S.K.: 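The following block contains the structure, expressed as structure tokens.
The shown structure was predicted, so the numbers you read here are calculated from the model rather than taken from an experiment.
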Amino acid sequence: QVQLVESGGGLVQAGGSLRLSCAASGLTFNDYRVGWFRQAPGKEREFVAAITWSGSFTYYVDSVKGRFTISRDNAKNTVYLQMISLKSEDTAAYYCAAGYLRGNYYSRASYDSWGQGTQVTVSS
């Protein structure tokens, strides 16, 4: 059974930093691309960042480019999302998702498994 567990969320002031982690189990981690999505109250879940199985390629939504960095440690079955220069509009529940082999990195529908989410709140 695939399990994804996010951690690292919290309350931070605007301009601050957080690092989210997504720990995976129950899958051959090297076979999966991983994405981060976020959902603010009253809004749809949106793509934030994704990384290929090898970590060689990364993808970001324009609004976080230069501020967020996705990375992975396949030896630890963990993906990270380093967030700096946080803004109030980054406030949301953040979810990691795993998709088998190749697929549309930006689409929720292309991911097979999801975590329960971790809340990020940025105060202005």
S.K.: Say whether Val34 and Tyr80 are linked into one hydrophobic cluster, either directly or through other cluster members, by side-chain heavy-atom distances under 4.5 angstrom.
M.R.: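 Result: no, two separate clusters.
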
S.K.: Backbone N or O of Asn30 within a donor-acceptor pair of the Thr28 side chain at under 3.5 Å?
M.R.: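 No, Thr28 side chain to Asn30 backbone: no donor-acceptor pair under 3.5 Å.
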
S.K.: Are side-chain heavy atoms of Tyr60 and Val48 found at a separation under 4.5 Å?
M.R.: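 They are not in side-chain contact.
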
S.K.: Is there side-chain contact between Glu6 and Tyr95, with at least one heavy-atom pair below 4.5 Å?
M.R.: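 Glu6 vs Tyr95: side chains touch.
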
S.K.: Looking at every heavy atom in both Arg33 and Tyr100, which two are closest together, and how far apart are they?
M.R.: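 Heavy-atom minimum between the residues: NH2-O, 3.7 Å.
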
S.K.: Within this structure, what is the CG-CD1 distance for the pair Leu18 and Ile84, rounded to the nearest 0.5 Å?
M.R.: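 If we round to the nearest 0.5 Å, Leu18:CG and Ile84:CD1 are 12.0 Å apart.
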
S.K.: Can you tell if the side chain of Val120 reaches within under 4.5 Å of the side chain of Thr91, non-hydrogen atoms only?
M.R.: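 Sidechains of Thr91 and Val120: no contact.
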
S.K.: Run the numbers on Leu20 and Thr118 for side-chain contact (heavy atoms from CB on, under 4.5 Å), then give the verdict.
M.R.: CA-CA 8 Å; Leu20 305 184; Thr118 185; 4.0 Å; yes

S.K.: What is the minimum heavy-atom distance between Val2 and Ser113, and which atoms define it?
M.R.: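 It is CG1-OG, 3.5 Å.
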
S.K.: Could you check Tyr59, Trp53, Tyr111 and say which one makes a ring-ring contact (aromatic ring centres under 6.0 Å, His included) with Tyr105?
M.R.: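 When Tyr59, Trp53, Tyr111 are each tested with Tyr105, the ring-ring contact (aromatic ring centres under 6.0 Å, His included) holds only for Tyr59.
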
S.K.: Indicate the atoms forming the closest heavy-atom contact of Ser17 with Ser85, along with that distance.
M.R.: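 Reported closest heavy-atom pair: OG-N, 4.4 Å.
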
S.K.: Tell me, please, which residues at least two apart from Lys87 pass side chain to side chain donor-acceptor pair (under 3.5 Å).
M.R.: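 Residues passing side chain to side chain donor-acceptor pair (under 3.5 Å) with Lys87: none at all.
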
S.K.: If you define the side chain from C-beta out and look only at heavy atoms, does anything of Arg72 sit under 4.5 Å from Asn77?
M.R.: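 They are not in side-chain contact.
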
S.K.: Are more than 12 heavy atoms, taken from residues, nucleotides or ligands other than Tyr106, located less than 6.0 Å from that residue's OH atom?
M.R.: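 Enclosed.
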
S.K.: Verify the cluster assignment for Leu11 and Leu86: are they in a single hydrophobic cluster under the rule of side-chain heavy atoms below 4.5 Å apart?
M.R.: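 Leu11 does not cluster with Leu86.
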
S.K.: In Å and rounded to the nearest 0.5 Å, what is the CZ to OG distance from Arg19 to Ser7?
M.R.: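 Reported to 0.5 Å precision, the distance equals 9.0 Å.
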
S.K.: Say whether Val64 and Phe57 are linked into one hydrophobic cluster, either directly or through other cluster members, by side-chain heavy-atom distances under 4.5 angstrom.
M.R.: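 Val64 clusters together with Phe57.
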
S.K.: Hey, does the Lys NZ or Arg CZ of Arg108 hover above the aromatic six-ring of Phe37, less than 6.0 Å from the centre and inside 45° of the axis?
M.R.: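 Relative to the ring axis of Phe37, which defines the angle, Arg108 lies outside at least one limit.
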
S.K.: Atom CG of Leu4 and atom CG of Leu27: how far apart are they, to the nearest 0.5 Å?
M.R.: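 Reported value, rounded in 0.5 Å steps: 7.0 Å.
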
S.K.: Are the side chains of Val79 and Ile70 in contact, using a 4.5 Å heavy-atom criterion?
M.R.: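 They are in side-chain contact.
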
S.K.: With a sphere of 6.0 Å drawn around CD of Gln119, does it hold more than 12 non-hydrogen atoms of other residues, nucleotides or ligands?
M.R.: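 Result for CD/Gln119: enclosed.
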
S.K.: Examine distances only and state if a side-chain atom of Arg45 and a backbone atom of Gln39 form a donor-acceptor pair shorter than 3.5 Å.
M.R.: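 No: the side chain of Arg45 does not pair with the backbone of Gln39.
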
S.K.: Looking at Ala40 and Ala92, what are the two nearest heavy atoms and their distance?
M.R.: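 Closest heavy-atom pair between Ala40 and Ala92: N-CB, 3.8 Å.
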
S.K.: Consider only side-chain N and O atoms of Arg38 and Tyr94, and report whether a donor and an acceptor are under 3.5 Å apart.
M.R.: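 A pair is found: one side chain offers a donor N or O, the other an acceptor, under 3.5 Å apart.
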
S.K.: Considering all heavy atoms of both residues, which atom of Cys22 and which atom of Trp36 are nearest to each other, and what is their separation?
M.R.: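 That closest heavy-atom pairing would be CB-CZ2, 3.6 Å.
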
S.K.: Give the C-alpha distance, both sets of side-chain angles, the deciding distance and a yes or no for side-chain contact (heavy atoms from CB on, under 4.5 Å) between Phe68 and Asp90.
M.R.: CA-CA 11 Å; Phe68 291 12; Asp90 295 319; 3.9 Å; yes

